[in-house]
Amino acid sequence: MATVKSILDIKGGVVHRVAPGNTIQAALQLMAQHNLGALLVMVGERIEGIVSERDYVLKVADSGDLCLDLPVKEIMSYPVYFVSPEESLDACMALMSDRQIRHLPVLENNQLVGMISIRDLVKSIISEKETTIKGLENYILGRQIAH
């Protein structure tokens, strides 16, 4: 069964972050620049929260103001749920579904080693299912797989 580590091995461990006092505009620019849906809000190596495009939309919808000059800490979500590299993809999907979140930081020995998204999970699960289907087709048709 695939684990979070298998996603990080492909994706890498780069995690974009902002400080709680950074403006929402700076966070949105960073998200746009790197095509991200969320950023960790951190002080040093301590995770304070997570800010997503969804958090921003909810704030604007609630206030009716674009709020670009507010600090990120005003709209960030917390607590932040996280997983380890050994966590199964099914467990991650269940956590994301239960908590209605789309991003999970990955911690190993209390150190940030990456972040995965629902998109990463779906892509990996589909790939795993396609591999299983191909293997079954080859087995049924008696094809040999080159090693």
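What you are looking at is a predicted structure, and each value in this text was computed from that prediction instead of being measured. Count residues from 1 along the sequence. Scope of the values below: all heavy atoms of this structure, side chains included, with no hydrogens, waters or symmetry mates.
- Here Q100 contributes atom CD and L95 contributes atom CG; the two are 12.0 Å apart, rounded to the nearest 0.5 Å.
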Problem set entry | Criterion side chain to side chain contact (heavy atoms under 4.5 Å, CB included) on R102 and R54, from CA distance to verdict | CA-CA 10 Å; R102 295 179 292 188; R54 184 176 174 189; 3.1 Å; yes
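- Side chains of L8 and V113 form a contact here, defined as non-hydrogen atoms less than 4.5 Å apart.
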For this session: For the pair H103 and I50, evaluate side chain to side chain contact (heavy atoms under 4.5 Å, CB included) and give the outcome as yes or no after the intermediate values.
Result: CA-CA 9 Å; H103 300 87; I50 190 166; 3.8 Å; yes
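- Placement of M42 and M115 within a single hydrophobic cluster is found when ILVMFWY residues are connected by side-chain heavy-atom separations under 4.5 Å, directly or transitively.
- Closest of all the heavy-atom pairs between S88 and A91 is OG-N, 3.0 Å.
- Nearest heavy atom pair, residue I118 against residue M93, reads CD1-SD, 3.4 Å.
- When every heavy atom of C67 is checked against every heavy atom of K59, the shortest pair comes out as SG-CG, 3.9 Å.
- You'll find the side chain of H16 stays beyond 4.5 Å of the side chain of L40, heavy atoms only.
- In this structure, CG in L112 is found 7.5 Å from CD in E45, a value given to the nearest 0.5 Å.
- Taken together through direct or relayed side-chain contacts under 4.5 Å among Ile, Leu, Val, Met, Phe, Trp and Tyr, L36 and Y56 form part of one hydrophobic cluster.
- Counting only heavy atoms from C-beta outward, the side chains of T3 and E86 never approach each other to under 4.5 Å.
- Cluster membership check: V122 shares its hydrophobic cluster with I7, using side-chain heavy-atom separations under 4.5 Å among Ile, Leu, Val, Met, Phe, Trp and Tyr.
- The local environment of CG in N110 is sparse, with at most 12 non-hydrogen atoms from other residues, nucleotides or ligands closer than 6.0 Å.
- V106 and V15 fall into different hydrophobic clusters, where Ile, Leu, Val, Met, Phe, Trp and Tyr residues are linked whenever their side-chain heavy atoms come under 4.5 Å apart, directly or through other members.
- Once rounded to the nearest 0.5 Å, the distance linking CD of E130 with CD1 of I125 reads 12.5 Å.
- Taking CE of M31 as the reference point, atom CD1 of I24 lies at 9.0 Å (rounded to 0.5 Å).
- Nearest heavy-atom pair, E128 versus A2, reported as atom, atom and distance to 0.1 Å: OE1-CB, 3.5 Å.
- Between Q33 and L30 there is a side-chain heavy-atom pair separated by less than 4.5 Å.
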For this session: Determine, stepwise, if the pair K5 / E108 fulfils salt bridge (charged side-chain N to carboxylate O under 4.0 Å, His left out).
Result: CA-CA 10 Å; K5 184 180 181 326; E108 184 172 41; over 6 Å; no
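- No single ILVMFWY cluster, assembled from side-chain heavy atoms under 4.5 Å apart, contains both V14 and L39.
- Taking 4.5 Å as the limit, every side-chain heavy atom of R17 sits out of range of all side-chain heavy atoms of V41.
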Listing, residues 69-83 side-chain donor-acceptor contacts under 3.5 Å, not counting sequence neighbours, or none:
from : atom 1 : to  : atom 2 : distance (Å)
S77  : OG     : D55 : OD1    : 2.7
S77  : OG     : D55 : OD2    : 3.3

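- The side-chain heavy atoms of V4 and I116, taken from C-beta on, include a pair separated by under 4.5 Å.
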Exercise. Can you list the steps and then say if L68 with T23 is a side chain to side chain contact (heavy atoms under 4.5 Å, CB included)?
Worked result: CA-CA 7 Å; L68 293 173; T23 65; over 6 Å; no
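- No side-chain donor-acceptor contact under 3.5 Å links K129 to the backbone of S124.
- Residue I101 holds its CD1 atom at 11.5 Å from OG of S117, rounded to the nearest 0.5 Å.
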